[in-house]
Amino acid sequence: MLTYEDVKNNSAVRTYIQRADESLTALGYTEHSFAHVTAVAENAAYILSTLGYPERTVELAKIAGFLHDIGNLVNRVDHSQSGAVMAFRILDKMGMEPADVAAVITAIGHHDDSTAYPVNAIAAALILADKTDVRRSRVRVSPIDSHFDIHDRVNYAVVDSALTVSRENKIITLKLRIDTSICAVMDYFEIFLTRMTLCRSAAAFLGMDFELVINETRML
């Protein structure tokens, strides 16, 4: 069976991810390259493995996480749909079983903010892993740069970030430490409230609650 390592080390996949991120760099977006997709892949797998999902489901979540943003190569608009089509072509050509292909591209096609929905466990894990990847290292520009906008400021202000899953307590927690001299907590909500709502829906699909803790205070 096709594995995460097979996909991760595929030269075409790596080219598409790199070129997609180059387009987002030109558009002024935060980092969407190998650091982001690897973090999403690993956190999606962490969520499902902690919740006791089968090993193959966990592996497919990692593959979906690694491939989820390749549609940015085509355009940022509707990148989840174009990414799902690209992933179908890649995975089918690499010999993945149709049922596995279906699971991966369904998750990719349902991860974008405007159309996201946890239609299955892999999609739910992908939403959670993607929307909680907030960190300073995703910011490409200096705080004194004229292009340093609110998205950059919110990410730059995050000094520490941790996603944890408590199967016993049925809670998935995103814990952030924010430097409030850079970004007010309300600025975070202005940018990420929709994403946190999506995380709550995704967690509910998995039979869990979602909580957001900022500077030791529970916000959601």
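Just so you know, these numbers come straight off a predicted model, no measurement behind them. FYI, side chains are in, hydrogens and waters are out, and symmetry mates aren't considered; it's all heavy atoms of this structure.
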Sequence-distant partners of Asp187, salt bridge (charged side-chain N to carboxylate O under 4.0 Å, His left out), two or more places apart: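 Result, salt bridge (charged side-chain N to carboxylate O under 4.0 Å, His left out) vs Asp187: Arg153.
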
Is the shortest heavy-atom distance from the side chain of [X] to the side chain of [Y] under 4.5 Å?
{"X": "Glu211", "Y": "Lys175", "answer": "no"}
{"X": "Ile108", "Y": "Asp69", "answer": "no"}
{"X": "Arg135", "Y": "Arg138", "answer": "yes"}
{"X": "Ile150", "Y": "Ile191", "answer": "yes"}
{"X": "Ile17", "Y": "Asn72", "answer": "no"}
{"X": "Val13", "Y": "Ile90", "answer": "yes"}
{"X": "Phe189", "Y": "Leu212", "answer": "yes"}
{"X": "Lys131", "Y": "Asp113", "answer": "yes"}

Determine yes or no for a side-chain-to-main-chain donor-acceptor pair under 3.5 angstrom, with [X] supplying the side chain and [Y] the backbone.
{"X": "Asp6", "Y": "Leu2", "result": "no"}
{"X": "Asp149", "Y": "Asp152", "result": "yes"}
{"X": "Glu31", "Y": "His36", "result": "yes"}
{"X": "Asn215", "Y": "Ile178", "result": "yes"}

Determine whether Asp21 and His32 satisfy the following criterion, side chain to side chain donor-acceptor pair (under 3.5 Å), listing intermediate values before the conclusion. CA-CA 6 Å; Asp21 187 56; His32 284 70; 4.9 Å; no

Option among Asp130, Leu128, Thr132 that satisfies the side chain to side chain contact (heavy atoms under 4.5 Å, CB included) test with Val40: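 Checked Asp130, Leu128, Thr132 against Val40; only one passes side chain to side chain contact (heavy atoms under 4.5 Å, CB included): Asp130.
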
Check the orientation of Tyr188 and Phe192. Use parallel for under 30°, tilted for 30 to 60°, and perpendicular for over 60°.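 It falls in the tilted class, 30° to 60°.
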
Between Thr25 and Arg140, does the side chain to side chain donor-acceptor pair (under 3.5 Å) criterion hold? Intermediate values first, please. CA-CA 8 Å; Thr25 301; Arg140 306 179 195 267; 2.9 Å; yes

Are the aromatic rings of His110 and His68 close, with centres under 6.0 Å apart?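 No, the ring centres sit 6.0 Å or more apart.
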
Do Arg200 and Phe210 form a cation-pi contact, if we require the NZ or CZ to be under 6.0 Å from the six-membered ring centre and within 45 degrees of the ring's axis?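 Geometry flag: not set, cation outside 6.0 Å or 45°.
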
